[in-house]
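First the structure, in the form of structure tokens, and then the observations on it.
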Number of protein chains: 2
Amino acid sequence: MGVTQTHLFTEEQNQIAHLAKAIAHPARIAILQHLIKSKSCINGDLVLEIGLAQATISQHLRELKEAGLIQGSIEGTRVNYCIHPEKWSALKSLFQDFFESYSDCCEPTC
Amino acid sequence: MGVTQTHLFTEEQNQIAHLAKAIAHPARIAILQHLIKSKSCINGDLVLEIGLAQATISQHLRELKEAGLIQGSIEGTRVNYCIHPEKWSALKSLFQDFFESYSDCCEPTC
DNA sequence: TTTATTCATTGCAATATTACGATAAATAAG
DNA sequence: CTTATTTATCGTAATATTGCAATGAATAAA
């Protein structure tokens, strides 16, 4: 137990849940918002901006990278992280479709 | 440790993260999709539809209820669960704004 | 070369999540 | 009243997440 039974669900259900999990932490939202605001930014900025330890930020960045939402390019001793445009679009579409599958079709009956 | 430092983040960041967490499990996505499809439905249906144990489904339903995304009304021995329309709208708006804060403003620089 | 800077990784502790059997609570059916 | 049926809750085990200090790896600066 303690492990999600992904085989019980559709590809789409797992995909939505997986991407939701990637953004299911305020630090990761803060990171994404900061990347959006400053277009591209370096890891050190984030440690100052957010009050978490460097190791913790690095871990959150890795999770976002593994989900495909951001990408990083090495620039000397620094790393330039930014939003992955295509993946962001895909995320947006996936969630939009999911959210609209309700408002399109349904009226509450209880 | 192991506890999220919510005080470091804005209300909005915590809100988005919290709602993302509520839908960050394929079983909960499956439940929401089923509620959407069948407009209103009972718990027992979900146990059959999804392959998880009754106690597990009940737990997921509670999490969705705590996030405000669904509501349940007792009907005999059964409970009629359905999407909470206002909360669903709020969720949709919150995420839409978040997603569009990127595509509105930014071109990748790396 | 030596030293500093930046970021990733490792290892660990605390806590949260996922899943389920067992059981309780409430109503319906007999 | 007795017996299902349905759902919630409790307890527990397995695993995942969060956070950080310490350390490593790589480049830049001196």
Side-chain angles (χ1 to χ4, degrees), chain A residues 1-9 13-14 17-31 34-35 40-67 70-82 110, chain B residues 1-9 13-14 17-31 34-35 40-67 70-82 110:
Chain A
M1 298 106 204
V3 63
T4 298
Q5 311 251 72
T6 50
H7 64 279
L8 293 176
F9 308 103
Q13 285 160 353
N14 284 316
H18 190 256
L19 283 170
K21 192 174 250 179
I23 61 171
H25 194 288
R28 294 197 286 275
I29 299 293
I31 288 172
H34 192 69
L35 290 184
S40 73
C41 91
I42 53 170
N43 196 335
D45 275 5
L46 292 166
V47 178
L48 294 176
E49 183 89 4
I50 304 169
L52 293 170
Q54 184 267 324
T56 309
I57 298 290
S58 190
Q59 202 173 357
H60 283 303
L61 284 167
R62 187 174 52 188
E63 283 175 67
L64 288 171
K65 203 163 59 179
E66 271 169 10
I70 64 173
Q71 56 196 166
S73 60
I74 300 170
E75 204 155 297
T77 55
R78 305 185 159 211
V79 179
N80 233 323
Y81 277 107
C82 62
C110 60
Chain B
M1 300 102 206
V3 64
T4 298
Q5 310 251 72
T6 51
H7 65 280
L8 293 175
F9 308 102
Q13 285 160 354
N14 284 316
H18 190 256
L19 283 170
K21 192 174 249 179
I23 61 170
H25 194 287
R28 295 198 285 276
I29 299 293
I31 288 171
H34 193 70
L35 289 183
S40 71
C41 90
I42 52 168
N43 195 335
D45 276 5
L46 292 166
V47 178
L48 293 177
E49 183 88 4
I50 304 168
L52 294 169
Q54 184 267 323
T56 308
I57 298 289
S58 191
Q59 202 172 358
H60 283 303
L61 284 167
R62 187 175 53 189
E63 283 174 68
L64 288 171
K65 203 163 59 180
E66 271 168 10
I70 64 173
Q71 58 196 167
S73 61
I74 299 169
E75 205 156 297
T77 55
R78 303 186 162 209
V79 179
N80 233 321
Y81 278 108
C82 62
C110 60

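Naming convention: chains lettered A, B, ... in sequence-line order (proteins, then strands); numbering from 1 in each chain.
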Neighbours of DNA chain C within residues 23-30 of chain A, by heavy-atom distance under 4.0 Å: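 Heavy-atom contacts with DNA chain C come from no residue of residues 23-30 of chain A; none.
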What's the shortest heavy-atom distance between B:Asn14 and B:Thr6, and which atoms?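 That closest heavy-atom pairing would be ND2-O, 3.0 Å.
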For A:His34, all residues meeting side chain to side chain contact (heavy atoms under 4.5 Å, CB included), sequence neighbours excluded: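 Once residues adjacent in sequence are excluded, the partners of A:His34 under the side chain to side chain contact (heavy atoms under 4.5 Å, CB included) criterion are A:Lys37, A:Ser38, A:Cys41, A:Asp45, A:Leu46, A:Glu49.
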To the nearest angstrom, how far is [X] atom [atom1] from [N] atom [atom2]?
| X | N | atom1 | atom2 | answer |
| --- | --- | --- | --- | --- |
| A:Glu63 | C:dA8 | CD | C1' | 14 Å |
| B:His18 | C:dA16 | NE2 | P | 12 Å |
| B:Asn80 | C:dT27 | CG | P | 16 Å |
| A:Leu64 | D:dT18 | CG | C1' | 14 Å |
| A:Gln59 | D:dT17 | CD | P | 10 Å |
| A:His7 | C:dA19 | NE2 | P | 10 Å |
| B:Gln5 | C:dA16 | CD | P | 12 Å |
| A:Leu52 | C:dC7 | CG | P | 16 Å |

Within the structure provided, determine whether [X] and [Y] are in side-chain contact (heavy-atom separation under 4.5 Å).
| X | Y | answer |
| --- | --- | --- |
| A:Ile70 | A:Lys65 | yes |
| B:Ser58 | B:Arg62 | no |
| B:Leu61 | B:Tyr81 | yes |

So, the side chain of A:Asn43 versus the backbone of A:Val79: is there a donor-acceptor pair under 3.5 Å, distance only?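 Answer holds: no.
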Is A:Arg28 reaching over with its side chain to a backbone N or O of A:Lys21, donor-acceptor style, under 3.5 angstrom?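 A pair under 3.5 Å: yes.
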Across the strands shown, which category fits A:Ile57 at heavy-atom distances under 4.0 angstrom: base, sugar-phosphate, nothing?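 Nothing, no nucleic acid heavy atom in range.
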With a 4.0 Å cut-off on heavy atoms, is A:Thr4 in touch with a base, just the backbone sugar-phosphate, or nothing at all?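 Counting heavy atoms under 4.0 Å across all strands, the contact made by A:Thr4 is with sugar-phosphate only.
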Could you work out which one of [options] sits closest to the side chain of [X]?
| X | options | answer |
| --- | --- | --- |
| A:Ile42 | C:dC7, D:dA16, C:dA16 | C:dC7 |
| B:Val79 | D:dT7, C:dT9, D:dC20 | D:dT7 |
| B:Thr56 | D:dT9, D:dG19, C:dA19 | C:dA19 |

5'-most contact on DNA chain D: A:Lys21 or A:Gly51, nearest heavy atom basis?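 Looking at DNA chain D, the more 5' nearest nucleotide goes with A:Lys21.
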With a 4.0 Å limit, can you tell me whether [X] has a side-chain N or O closer than that to the phosphate oxygens OP1/OP2 of [N]?
| X | N | result |
| --- | --- | --- |
| B:His60 | C:dA19 | yes |
| A:Tyr81 | C:dT6 | no |
| B:Arg78 | D:dT7 | no |

State the CG-CG distance between B:Asn80 and B:Leu35, to the nearest 0.5 angstrom.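 Result: 9.5 Å between the selected atoms.
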Could you run through nucleotides 22-29 of chain D and give me one letter per nucleotide, 5' to 3': B if any protein heavy atom sits under 4.0 Å from the base, S if only the sugar-phosphate is that close, - if neither? B----BS-
Give a yes or no on this: more than 12 heavy atoms of other residues, nucleotides or ligands lie within 6.0 Å of atom CG of A:Leu8.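 More than 12 heavy atoms, drawn from other residues, nucleotides or ligands, come within 6.0 Å of this atom.
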Report the relative orientation of the aromatic rings in B:His25 and B:His60; use parallel for angles under 30°, tilted for 30 to 60°, perpendicular for over 60°.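 Correct class here is tilted.
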